[in-house]
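A quick write-up on the structure given underneath.
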Amino acid sequence: MRFDPWNPEFVAHPYDVYDELRRERPVSFFEPTGQWLIARHADVNALLRDRRLGRSYLHVATHQEFGKPGDLEFQDPFWRVIRAGMLDVEPPVHTRLRRLVSKAFTPRMVEALRPKVARIAGELVDAFVERGGGDLISEVAEPLPVTVIAEMLGVPEADRHLLRPWSADICGMYELNPSIEAQHTAVRAAEEFSDYLIGLARSRRANPGDDLISALALVAEEGDKLTEEELVGTCVLLLNAGHEATVNVTGNGWWSLFRNPAELDRLRADHGLLSTAVEEMMRWDTPLQMFERWVLEDISVGGFDIPRGTEVALLFGSANRDPEVFADPDRLDVGRVDNPHISFGAGIHFCLGAPLARIELIESFGALLRRAPKLELAAEPVWGSGYVIRGLESIQVRV
Ligand code: HEM
């Protein structure tokens with residue numbers, strides 16, 4: 001098999017191909033997308049921190065200068081929302097936006113949320129156990145992070161069912177070469193989501209509550225620190241980034257444990273291993289397989305000159321199995337201590353929500369281990385179609 005992100009077989013098990021890439025072609029040109037694939041941990045890690053690359057080039061060049069056709073007009077509402085969030089901008093705008101929200105995500109602030117996260121996880125798992133099991137993705141993995149981020153932001157309970165579909169539709173644009181239909185769906189979702197958030201922010205400005213949207217709406221009112229468009233972009237980013245990957249770590253993680261029953265037994269016998277286990281599940285079956293960067297100044301990687309205007313695809317899933325960094329990398333070891341996985345990224349865009357994601361995962365795996373000590377697979381799980389955001393569509397289990 002070759003690197004083929006559109007082939008379901010490759011998506012289900014990309015690790016042998018990565019192995020070959022790391023050994024034989026650690027830096028290689030991938031014709032179908034015109035990107036350079038970067039397979040080794042050291043290179044991925046270095047490029048994420050290298051300021052000669054960026055998530056965007058629009059702060060230093062036009063589409064024409066980068067030889068790109070430019071956005072199609074119908075995509076306009078999508079890019080307006082996405083490029084107003086910190087993930088798709090570079091300094092100095094990135095620095096300003098990240099500083100505004102990072103106060104809500106310090107380890108101390110997030111630690112204070114732990115009791116609430118534990119309560120939500122406990123309630124979801126109790127109901128799941130009472131039903132005797134079901135689909136772990138839709139019944140536990142999805143509702144937990146969606147509820148947590150919706151509560152932080154202050155999205156009313158009655159509206160929360162709208163969030164997951166909007167987010168999933170928007171994320172469709174992040175796959176490699178999305179179909180025109182997926183693009184239209186993403187644009188429509190961005191428009192609806194954006195209108196919804198503008199309405200909510202305006203009502204909070206008039207009637208502030210103890211939530212992040214109110215706090216951001218008040219900052220926006222002060223003037224120069226945050227525009228309304230940036231407020232919307234920030235909330236959409238937090239809602240999307242705040243749960244897509246967490247859902248996939250939960251699903252992929254349980255599937256990893258079921259495929260490694262000795263490790264599952266080890267974790268069942270010692271819940272003290274939960275925090276190393278969560279890191280290991282994020283490494284062993286990486287939820288976000290690939291992130292892209294634009295080359296803003298000529299660089300050289302592994303003996304190849306990569307010119308300005310090119311795009312590199314950093315293969316996180318491959319970096320996380322690199323034997324130069326991880327002893328016995330193909331082994332799932334829930335007690336692995338030395339684990340510098342790259343799943344939360346690195347450099348200035350390092351995941352802002354990492355402390356929160358860790359708490360959510362520890363609480364949800366912990367609740368399931370305690371309340372369903374004999375949890376078992378009821379059917380072969382089904383992979384979703386995504387490669388970049390890679391996770392199971394469903395995983396049916398019995399308690
Ligand atoms: C296990 C779950 C998660 C994983 C694996 C993950 C992974 C990542 C990665 C790899 C990036 C950097 C992307 C890049 O460099 O191109 C990122 C950025 C980000 N993540 Fe997460 N994330 C997770 C959960 C969360 C949560 C729960 C939140 C918020 C509540 C969150 C908020 C963000 C934000 C705001 C950024 C943008 C940071 C910036 O551009 O400065 N993430 N995440």
Side-chain angles (χ1 to χ4, degrees), residues 38 44-45 47-51 53-56 82-107 109-110 113 117 141-142 144-153 155 163 167 171 174 212 216 230 233-253 275 277-294 311-317 319-320 341-365 388-391:
I38 311 291
V44 171
N45 190 32
L47 292 179
L48 281 170
R49 295 164 194 272
D50 193 329
R51 298 295 300 282
L53 294 94
R55 282 205 40 116
S56 167
I82 299 305
R83 292 195 184 121
M86 75 184 89
L87 184 56
D88 280 79
V89 289
E90 294 295 315
V93 180
H94 173 265
T95 321
R96 171 171 57 84
L97 292 179
R98 182 153 173 141
R99 194 175 294 143
L100 274 176
V101 245
S102 58
K103 289 188 204 103
F105 286 92
T106 60
M109 286 297 283
V110 169
L113 291 173
V117 176
E142 274 177 8
L144 174 63
V146 175
T147 309
V148 171
I149 192 69
E151 290 215 350
M152 268 184 96
L153 278 163
V155 175
L163 302 177
S167 164
C171 287
Y174 291 119
L212 203 50
L216 293 173
E230 287 168 343
T234 300
C235 294
V236 169
L237 171 64
L238 287 173
L239 285 160
N240 291 356
H243 76 274
E244 289 292 339
T246 318
V247 173
N248 288 345
V249 178
T250 314
N252 299 6
S275 80
V278 162
E279 299 302 316
E280 179 67 343
M281 291 187 270
M282 291 184 55
R283 179 193 75 83
W284 197 74
D285 211 359
T286 308
L288 304 166
Q289 287 281 319
M290 192 195 94
F291 275 95
E292 294 149 324
R293 288 291 188 270
W294 288 100
E311 211 178 11
V312 294
L314 311 173
L315 304 179
F316 282 25
N320 280 341
H341 68 70
I342 206 109
S343 299
F344 284 123
I348 63 166
H349 290 287
F350 179 83
C351 179
L352 183 68
L356 178 61
R358 289 183 160 122
I359 290 179
E360 288 175 351
L361 291 164
I362 289 174
E363 294 303 330
S364 105
F365 277 91
V388 175
I389 301 175
R390 173 175 169 277

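In listed order, ligands and their atoms are each counted from 1. Keep in mind that this is a model prediction, so the values were computed, not measured.
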Decide whether an N or O pair under 3.5 Å exists between [X] and ligand 1.
X    : result
T246 : no
E360 : no
A241 : yes
H94  : yes
R293 : yes

Return the residue, atom name and 0.1 Å-rounded distance of the protein heavy atom closest to [atom].
atom                    : answer
atom 40 (O) of ligand 1 : H349 ND1, 2.6 Å
atom 37 (C) of ligand 1 : L87 CD1, 3.8 Å
atom 36 (C) of ligand 1 : L352 N, 4.0 Å
atom 13 (C) of ligand 1 : F291 CE2, 3.5 Å
atom 16 (O) of ligand 1 : R55 NH1, 2.7 Å

L288/E244 under side-chain contact (heavy atoms from CB on, under 4.5 Å): CA gap, chis, key distance, verdict: CA-CA 9 Å; L288 304 166; E244 289 292 339; 5.9 Å; no

Need the ligand 1 atom indices (1-based, order shown) with element for anything under 4.0 Å from a heavy-atom of [X].
X    : result
A357 : 1 (C), 2 (C), 24 (C)
L356 : 30 (C)
F316 : 10 (C)
I149 : 30 (C)
M86  : 38 (C), 39 (C), 40 (O), 41 (O)
F105 : 29 (C), 30 (C)

S102 backbone acceptor or donor facing T106 side chain under 3.5 Å: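 Answer holds: no.
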
Side-chain donor or acceptor of N45 paired with backbone N/O of A319 under 3.5 Å: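 No; zero donor-acceptor contacts below 3.5 Å.
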
Can you name the nearest heavy-atom pair linking [X] to [Y], along with the distance?
X    : Y    : result
A346 : R49  : CB-NH2, 3.8 Å
L315 : V44  : N-CG2, 4.1 Å
A245 : P287 : O-CB, 3.9 Å
R98  : H349 : NH1-C, 3.8 Å
P145 : H243 : CB-CB, 3.5 Å
I149 : L238 : CG1-O, 3.6 Å

Would you mind reporting whether [Y] and [X] have side-chain heavy atoms less than 4.5 Å apart?
X    : Y    : answer
R293 : R55  : yes
I342 : F291 : no
H341 : E280 : no
V89  : L97  : yes

side-chain contact (heavy atoms from CB on, under 4.5 Å) assessment of L216 paired with E230: CA-CA 10 Å; L216 293 173; E230 287 168 343; over 6 Å; no

Chi angles and distances behind the side-chain contact (heavy atoms from CB on, under 4.5 Å) call for I359, V110: CA-CA 8 Å; I359 290 179; V110 169; 3.6 Å; yes

Nearest-option assignment for atom 3 (C) of ligand 1, heavy atoms, candidates A104, A245, A346, A354: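 Of the listed residues, A245 has the closest heavy atom.
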
Heavy-atom nearest option to atom 8 (C) of ligand 1, drawn from C351, P287, G347, G242: C351

Heavy-atom distances under 4.0 Å decide this one: backbone, side chain, both or neither, for [X] against ligand 1?
X    : value
R98  : side chain
F344 : both
V101 : neither
V249 : side chain
S343 : backbone

I348 heavy atom under 4.0 Å from ligand 1: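 Under 4.0 Å: yes for I348.
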
Close approach, M152 and ligand 1, non-hydrogen under 4.0 angstrom: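 False for this residue.
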
